[in-house]
Amino acid sequence: MDSEKKYQLLFTQLIVMFHAATMQQLGKVKHPVTNKIEKNLEAAENTIDILDMLQVKTKGNLAADEEMLLTQILQELKLAFVQEKQS
């Protein structure tokens, strides 16, 4: 595997990791250790902010599919955050 493909895979894994963490922080999935729903909206907001920062810092340096993945993940997480905050 060449380094470009490797970095694309690693970038995707990083975004998916942040997505999973945020969904857990929003109380949408169970914590893998306690097997309980644990909501932490402050942590979720911080993780979303990290993804926002990554989007700003990587602007113009991502492949089209990487940019689309990051944009879609951010939209999904921001919507879920607003819904949780309103409930």
Side-chain angles (χ1 to χ4, degrees):
M1 176 183 304
D2 69 6
S3 55
E4 181 63 27
K5 287 191 183 281
K6 179 181 177 182
Y7 291 148
Q8 286 180 337
L9 178 61
L10 290 172
F11 183 81
T12 299
Q13 289 174 332
L14 178 69
I15 300 308
V16 169
M17 180 187 70
F18 277 122
H19 177 263
T22 308
M23 293 302 279
Q24 179 186 318
Q25 294 160 345
L26 290 170
K28 301 288 187 186
V29 296
K30 292 180 182 179
H31 188 283
V33 175
T34 64
N35 204 29
K36 295 180 181 175
I37 297 292
E38 299 175 12
K39 194 182 296 189
N40 184 339
L41 294 182
E42 186 177 317
E45 185 174 28
N46 186 58
T47 307
I48 292 168
D49 288 344
I50 290 169
L51 286 169
D52 269 331
M53 176 273 305
L54 278 173
Q55 188 172 46
V56 168
K57 291 290 195 175
T58 59
K59 187 170 181 74
N61 292 312
L62 297 177
D65 59 335
E66 293 170 323
E67 181 63 36
M68 187 170 39
L69 172 69
L70 182 53
T71 299
Q72 289 174 342
I73 293 282
L74 271 168
Q75 288 173 347
E76 177 188 342
L77 293 177
K78 287 178 180 182
L79 178 60
F81 178 78
V82 169
Q83 290 171 340
E84 283 302 315
K85 198 153 184 158
Q86 291 174 348
S87 63

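Looking at heavy atoms from C-beta onward, Lys36 lies out of side-chain contact with His31 at the 4.5 angstrom threshold. For the pair Gln83/Leu79, a side-chain contact is recorded, criterion being any heavy-atom separation below 4.5 Å from C-beta on. A heavy-atom distance below 4.5 Å is not found between the side chains of Lys28 and Ile37.
With hydrophobic clusters built from ILVMFWY side chains whose heavy atoms lie under 4.5 angstrom apart, Val29 shares a cluster with Leu77. At a threshold of 4.5 Å between side-chain heavy atoms, the hydrophobic network of Ile, Leu, Val, Met, Phe, Trp and Tyr places Leu26 and Val16 in two separate groups. Cluster annotation: Met23 and Met17 are assigned to the same hydrophobic cluster (Ile/Leu/Val/Met/Phe/Trp/Tyr, side-chain heavy-atom contacts under 4.5 Å, transitive).
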Please list, one pair per line, the donor and acceptor atoms closer than 3.5 Å that link side chains of residues 3-11 to other protein atoms, with sequence neighbours excluded.
none

For residues 55-64, which side-chain N or O atoms pair as donor and acceptor with protein atoms under 3.5 Å away, sequence neighbours left out?
residue : atom : partner : partner atom : Å
Gln55   : NE2  : Glu67   : OE2          : 3.2
Gln55   : NE2  : Thr71   : OG1          : 3.0
Thr58   : OG1  : Leu54   : O            : 2.6

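To the nearest 0.5 Å, atom CD1 of residue Ile73 and atom CD1 of residue Ile48 are 11.0 Å apart. The CD atom of Glu45 sits 10.5 Å away from the CG atom of Asn40 when rounded to the nearest 0.5 Å. Taking CG of Leu74 as the reference point, atom CG of Asp49 lies at 10.0 Å (rounded to 0.5 Å). Taking CG of Leu51 as the reference point, atom CG of Leu70 lies at 6.0 Å (rounded to 0.5 Å).
In terms of heavy atoms, Gln25 sits closest to Ala44 at OE1-CA, 3.2 Å.
Listed by chain and number, the residues in a salt bridge (charged side-chain N to carboxylate O under 4.0 Å, His left out) with Lys30 amount to none (sequence neighbours excluded). Considering only residues two or more places apart in sequence or on other chains, Asp52 meets the side chain to side chain donor-acceptor pair (under 3.5 Å) condition with Lys78. Scored by the salt bridge (charged side-chain N to carboxylate O under 4.0 Å, His left out) test, Lys39 finds Glu84 as partners (sequence neighbours excluded). The side chain to side chain donor-acceptor pair (under 3.5 Å) check on Ser87 picks up nothing, with sequence neighbours excluded.
Enclosure of atom CD in Gln13 by more than 12 non-hydrogen atoms of other residues, nucleotides or ligands within 6.0 angstrom is indicated.
In the model, Glu66 has no side-chain atom that pairs as donor or acceptor with a side-chain atom of Thr12 under 3.5 Å.
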